[in-house]
Amino acid sequence: MVQSAELLKAIGEKLMMVIDPETNTDVIRMRLVQSITVDETGKVSYIFRPSSPLCPIAVPLALGIIQAIHAVPGVTGQSITVVDYIEADALNNILKTVLEE
């Protein structure tokens with residue numbers, strides 16, 4: 001199992017490749033992904049805070065974040081929580097379904 005510090009670093013590097021097309025800035029620099037933790041089994045938990053409560057690209061950004069984290073060796077699963085978004089509850093339900101597949 002990869003050490004959690006190494007895994008967090010790899011996750012951060014991968015997330016720097018997820019670019020918000022409206023700002024041309026990665027989601028880490030924009031601080032859209034917060035509170036990233038990795039448990040002893042390699043499951044990653046984090047918060048996704050879209051750039052605005054009405055962010056028109058919240059869904060594709062969330063999916064890009066999920067795909068980026070999924071591609072990191074050593075990640076065994078993930079849990080995303082969307083906050084400060086007008087449709088946060090609906091998006092959280094959709095993303096939970098996506099992650100269960």
Side-chain angles (χ1 to χ4, degrees):
M1 172 78 184
V2 177
Q3 297 286 337
S4 61
E6 293 172 13
L7 197 50
L8 282 170
K9 181 180 178 189
I11 290 166
E13 289 172 356
K14 199 66 147 169
L15 287 174
M16 284 193 231
M17 294 185 222
V18 180
I19 305 297
D20 179 328
E22 292 186 347
T23 63
N24 205 28
T25 305
D26 68 75
V27 296
I28 293 295
R29 286 189 186 157
M30 289 184 69
R31 297 187 177 136
L32 302 183
V33 180
Q34 303 169 347
S35 303
I36 303 171
T37 60
V38 179
D39 73 12
E40 63 279 352
T41 68
K43 183 175 180 183
V44 182
S45 299
Y46 54 96
I47 294 171
F48 169 53
R49 184 181 314 269
S51 58
S52 77
L54 297 171
C55 180
I57 57 171
V59 173
L61 276 177
L63 293 173
I65 291 164
I66 288 170
Q67 290 173 342
I69 292 173
H70 179 74
V72 176
V75 170
T76 60
Q78 56 184 299
S79 172
I80 180 174
T81 302
V82 180
V83 298
D84 296 340
Y85 180 62
I86 195 159
E87 294 291 330
D89 290 340
L91 184 51
N92 280 318
N93 288 332
I94 291 167
L95 296 175
K96 182 178 178 185
T97 302
V98 167
L99 289 169
E100 289 173 355
E101 294 178 351

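Computation of the quantities below employed the complete heavy-atom set of this structure, encompassing side-chain atoms and omitting hydrogens, waters and symmetry-equivalent molecules.
Under the side chain to side chain donor-acceptor pair (under 3.5 Å) criterion, Tyr46 pairs with Gln78, sequence neighbours left out.
When every heavy atom of Ser35 is checked against every heavy atom of Ile47, the shortest pair comes out as OG-CD1, 3.9 Å. Across all non-hydrogen atoms, the minimal contact from Leu91 to Tyr85 is CD2-CE2, 3.9 Å.
A single hydrophobic cluster is not seen to contain both Met17 and Leu7; linkage of ILVMFWY side chains at heavy-atom distances under 4.5 Å, directly or through other members, places them apart. With hydrophobic clusters built from ILVMFWY side chains whose heavy atoms lie under 4.5 angstrom apart, Leu99 shares a cluster with Ile11. With hydrophobic clusters built from ILVMFWY side chains whose heavy atoms lie under 4.5 angstrom apart, Val33 does not share a cluster with Ile19. Follow the hydrophobic side-chain contacts under 4.5 Å out from Val44 and you reach Met16 in the same cluster.
We find the CD1-OG1 distance between Ile28 and Thr25 to be 12.5 Å, quoted to the nearest 0.5 Å. In this structure, NZ in Lys96 is found 14.0 Å from CD1 in Ile80, a value given to the nearest 0.5 Å.
With hydrogens and angles disregarded, a donor-acceptor distance shorter than 3.5 Å links the side chain of Asn92 to the backbone of Val82. Thr76 contributes a side-chain N or O that, together with a main-chain N or O of Lys43, makes up a donor-acceptor pair within less than 3.5 Å.
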Extract all donor-acceptor atom pairs below 3.5 Å that involve side chains of residues 55-71 and protein atoms in other chains or at least two apart in sequence.
none

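Considering only heavy atoms from C-beta on, Leu15 comes within 4.5 Å of Ile36 through its side chain.
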Assess whether side-chain contact (heavy atoms from CB on, under 4.5 Å) is satisfied between Ser51 and Leu32, documenting all intermediate values. CA-CA 7 Å; Ser51 58; Leu32 302 183; 4.1 Å; yes
